[in-house]
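Working notes, beginning with the structure itself.
Read the numbers this way: they start at 1 and go in the same order the structure lists the ligands and their atoms. We count residues from 1, following the sequence as given.
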Amino acid sequence: MLIKRKARWQLPESEVTDYQVFLNRRRFINSALGMTAALTLPVALAEKEPTGQAFDNTTESRFSTDEKLTTYQDITTYNNFYEFGTDKSDPATYATDFPDPNKPWQVTIDGECDKPGVYDVDDLIGKQDLEERIYRLRCVEGWSMVIPWTGFPLAAVLKAAQPNTNAKFVEFTTLFDPEQMPGQRREVLQWPYIEALRMDEAMHPLTLLAIGLYGHEMPGQNGAPIRLVVPWKYGFKSIKSIVRIRFVERMPTTTWMLAGPNEYGFYSNVNPDVDHPRWSQKRERRIGEFLKRETLMFNGYGEEVADLYDGMDLRKYF
Ligand SMILES: Nc1nc2c(c(=O)[nH]1)N[C@H]1C(S)=C(S)[C@@H](COP(=O)(O)O)O[C@H]1N2
Ligand SMILES: [Mo]
């Protein structure tokens, strides 16, 4: 299926699927499953609603959770995106017009592969079948959300580049542009932000490239125009606003490994039994809820991913 997606700068304001329709559909699905009455409550009018382009041709995924969605308001105002500042509210304040529509966004795919290339992000997206994936997101800081992403498996893009036998890891890079990203004017982290996955993790069907949430194009603060989502790992692995995807032979040193080698490992799988040196990882606060809940091994995705780590000591490879 060919996805017709107009370039961002040609877009009129939002089209179809509005927020209420989206929520009503979710509500229907949830009540059909006999889920909570809380979902049938009307959404407060003051809540933020999606504004960007709507996707009208996404399919639902068997990987989606039917847990209660975190509100659009919370997903887009409580963020970690240090390129725009370190306060949770900074990205919503400084990234709403990001990226600049006059600066075409390109994604370089290179390294150990037979078909490297530089793609306009809209061309890259245009080749993919879009899905809605409702995933839990667990931040290493001890909070979590349930987010309805729009995107496609990373594997589709990787396979097209034809990685060679030296490709053991995949490295991702965020844009470096202090003009657009005021947080990069200070050395809070080593810029640009880098993340990486082992090849089999990158190829796993749960690993998503996301281009939207709540059925609309990705807000700047959540990593527009394209970001990674790896739901069984701590949130910082899900790198935002990607400009480069590179196949490499050696395990890359990622930004957070550099920032705190004893605190942030390469794997960073969600694991309630391995505490952060400065706090416990046994529990988490679901944003919008009052009481803490238990954190699940692999963030509840163990059935899908546990075998990737067979025979590995997850205390050592944290
Ligand atoms: N480039 C970049 N990607 C990033 C971050 C960041 O600061 N810069 N923060 C990470 C962290 S710590 C988390 S928890 C998630 C948060 O994603 P969200 O704001 O969409 O919920 O993004 C991750 N991706
Ligand atoms: Mo995080």
Considering heavy atoms of the protein only, find what lies nearest to [atom] and give residue, atom and distance to 0.1 Å.
| atom | result |
| --- | --- |
| atom 7 (O) of ligand 1 | Tyr82 N, 2.8 Å |
| atom 9 (N) of ligand 1 | Asn80 O, 3.2 Å |
| atom 15 (C) of ligand 1 | Gly235 O, 3.6 Å |
| atom 8 (N) of ligand 1 | Glu83 OE1, 2.8 Å |
| atom 3 (N) of ligand 1 | Lys240 N, 3.1 Å |
| atom 24 (N) of ligand 1 | Ser238 O, 2.9 Å |
| atom 21 (O) of ligand 1 | Leu137 CD2, 3.6 Å |

Quick one: which ligand 1 atoms are inside 4.0 Å of a heavy atom on [X]?
| X | result |
| --- | --- |
| Ile239 | 3 (N), 24 (N) |
| Asn79 | 18 (P), 19 (O) |
| Cys139 | 14 (S) |

Q | Spatial distance of atom CG (Asp74) from atom CG (Asn79) [nearest 0.5 Å] | A |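 Asp74 atom CG to Asn79 atom CG measures 10.0 Å (nearest 0.5 Å).
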**Q.** Side chain proximity check, Met199 to Val170, heavy atoms < 4.5 angstrom
**A.**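 A side-chain contact exists here, since the closest heavy-atom pair is under 4.5 Å.
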Tell me whether [X] has any N or O atom under 3.5 angstrom from an N or O of ligand 1.
| X | result |
| --- | --- |
| Tyr78 | no |
| Trp149 | no |
| Trp143 | no |

Ring centroid separation [X] to [Y] under 6.0 Å:
| X | Y | value |
| --- | --- | --- |
| Tyr309 | Tyr317 | no |
| Phe55 | Trp149 | no |
| Tyr234 | Trp256 | no |

Q) Within 45° of the axis and under 6.0 Å from the centre of the six-membered ring of Tyr72, does NZ or CZ of Lys48 qualify? A)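 Checked: cation-pi criterion not met.
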Determine whether the side chain, the backbone, both or neither of [X] has a heavy atom under 4.0 Å from any heavy atom of ligand 1.
| X | answer |
| --- | --- |
| Lys237 | neither |
| Ile75 | neither |
| Tyr193 | side chain |
| Arg227 | side chain |
| Thr174 | side chain |

Q.
On a heavy-atom basis, which atom in Thr77 and which in Ala92 lie closest, and how many Å separate them?
A.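 Smallest heavy-atom distance, with atoms named: CA-CB, 4.0 Å.
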Q) Contact between Gly223 and ligand 1, counting heavy atoms under 4.0 Å? A)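 Flag not set, Gly223 not near ligand 1.
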**Q.** Donor-acceptor side-chain pairing of Lys88 and Asn80 below 3.5 angstrom
**A.**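 Yes - a donor-acceptor pair under 3.5 Å links their side chains.
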Q: Tell me yes or no: between the side chains of Arg138 and Ser144, is some donor less than 3.5 Å from an acceptor?
A: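 The answer is no; no qualifying pair exists.
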Q: Hey, can you tell me if Phe81 and Phe84 have their rings parallel, tilted or perpendicular (30° and 60° cut-offs)?
A: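 Correct class here is perpendicular.
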Q | Candidate pair Glu284 and Lys292, rule salt bridge (charged side-chain N to carboxylate O under 4.0 Å, His left out), full reasoning | A | CA-CA 5 Å; Glu284 66 197 55; Lys292 288 199 172 183; over 6 Å; no
(Q) So that I can tick it off, tell me whether Arg293 and Glu67 are bridged by a salt bridge, with the cut-off set at under 4.0 angstrom between side-chain N and carboxylate O. (A)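 The answer is yes: the pair qualifies as a salt bridge.
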